[in-house]
There are 2 protein chains.
Amino acid sequence: METIKNLFRCSCPVTSAVDIVGDRWTLVIIKLMLIQHCHTFKDISESEEGIAPNILSSRLKTMLSLDLITKTHPPNNKKVNIYHLTEKGLSISPIVYDLMAWSDTYLRDEHTAMTSFDQQSISLLPREEAIDYIQEHYKASVSSVLSDDY
Amino acid sequence: METIKNLFRCSCPVTSAVDIVGDRWTLVIIKLMLIQHCHTFKDISESEEGIAPNILSSRLKTMLSLDLITKTHPPNNKKVNIYHLTEKGLSISPIVYDLMAWSDTYLRDEHTAMTSFDQQSISLLPREEAIDYIQEHYKASVSSVLSDDY
DNA sequence: TATATTTACTTTCAATTTGAAAGTAATTTA
DNA sequence: TAAATTACTTTCAAATTGAAAGTAAATATA
């Protein structure tokens, strides 16, 4: 008889969030979808991050089960799977933004090869507007991919 | 001949931040220091999160080497070690805040035992003020612990 | 001053997770 | 109809995590 062991270590909301996104890949996959507009298994596989296919497969399954992402086909295509962020997943955007901003300030000295924000314009906007901009562009990209003739 | 393998997977600032804080414990330890004012090995060990001493020891060493925390003794005490956040570590505060806010909105349904913000007052403040409040109280607590006769 | 307690760990070992490499199956393109 | 593409799965070794017990130095107590 198998028991499902509790996903959450304790009652703390911060620790509970870490129970969901606290690993080497979940936030990276969210960032690849959100910022680099990776919508397919192949897109994510080919990213600079170099995730192994078994790991990606396993993470996507977990993220689906946690309702961070959903999976659909583009119209008239049964081969390609489109993964996209749910509202719950898209709401991780502020955390992705803050990680980017923190690295920009505190990691540059020890990681000289590190790049800046993807679009220059983002670094010029105030935080809230930058996050909105990222989210709106992401949604537009998903719409485009899910429209006819991808 | 040993080579130090690069800490960073790639040039992306988000992924680089995940290379630093993307595991099960680093953000939890920062949160325990910042919010619950855990300053010693014992304080952290006894937390609700239940971290094993070998894991805690290993994480603290890594965090010291990454300059996220420093280690000192209180005056007139050679036994107790006080760990506290550096500027670099304290600047993770916005991420901790955002994780807390995200859980509050998106995890409550699936994790009914989850508590709210530690101090009620924090949830009433706007984000920037809440973060400032948390950081100032943290700094005051460190000062107090490092003053005479702990 | 001697003993008990506390604090901060380390050691050992089993279990779980990660990741590299190769392989497979369905679908679509040429 | 054959080749290429996409989305995976399988296998196995290496690294990480974690539970349990143990140790050493410093401090508090009798």
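Quick note on labels: first sequence line is chain A, next is B, and so on, each numbered from 1.
Following rounding to the nearest Å, L56(A) (CG) and dA7(D) (C1') show an atom-to-atom distance of 10 Å. To the nearest angstrom, C1' of dT16(D) lies 13 Å from CD1 of I55(A). We find that CG of N77(B) is positioned 12 Å from C1' of dA25(D), with the value rounded to whole Å.
If K78(A) and I51(A) are placed on DNA chain C by their nearest nucleotide, the residue sitting closer to the 5' end is I51(A).
A side-chain donor-acceptor contact under 3.5 Å links T86(B) to the backbone of L68(B). Here the side chain of S11(B) pairs no donor or acceptor atom with the backbone of T115(A) at under 3.5 angstrom. Not one N or O on the side chain of H137(B) forms a donor-acceptor pair closer than 3.5 Å with the backbone of L34(B). Looking at H73(A), its side chain does come within 3.5 Å of a backbone N or O of V80(A) through a donor-acceptor pair. Put simply, the side chain of Y106(B) never gets that close to the backbone of S91(A): no donor and acceptor are under 3.5 Å apart. At least one donor-acceptor pair under 3.5 Å links the side chain of S143(A) to the backbone N or O of K139(A). Side chain of S103(B) to backbone of M100(B): no donor-acceptor contact under 3.5 angstrom is found.
Two residues are said to be in side-chain contact when any heavy atoms from C-beta on lie closer than 4.5 Å; R24(A) and D19(B) meet this criterion. Side-chain contact between M33(B) and H84(B) is absent, with no heavy-atom pair separated by less than 4.5 Å.
Residues from residues 14-27 of chain A placing a heavy atom under 4.0 Å of any atom in DNA chain D do not occur. Of the residues in residues 30-38 of chain B, not one places a heavy atom less than 4.0 Å from an atom of DNA chain C.
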Subject >> Base versus backbone protein contacts along nucleotides 2-10 of chain C [heavy-atom cut-off under 4.0 Å; B, S, -] >> reply: ----BSSBB
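The shortest non-hydrogen separation linking E49(B) to C12(A) is OE2-CB, 3.8 Å.
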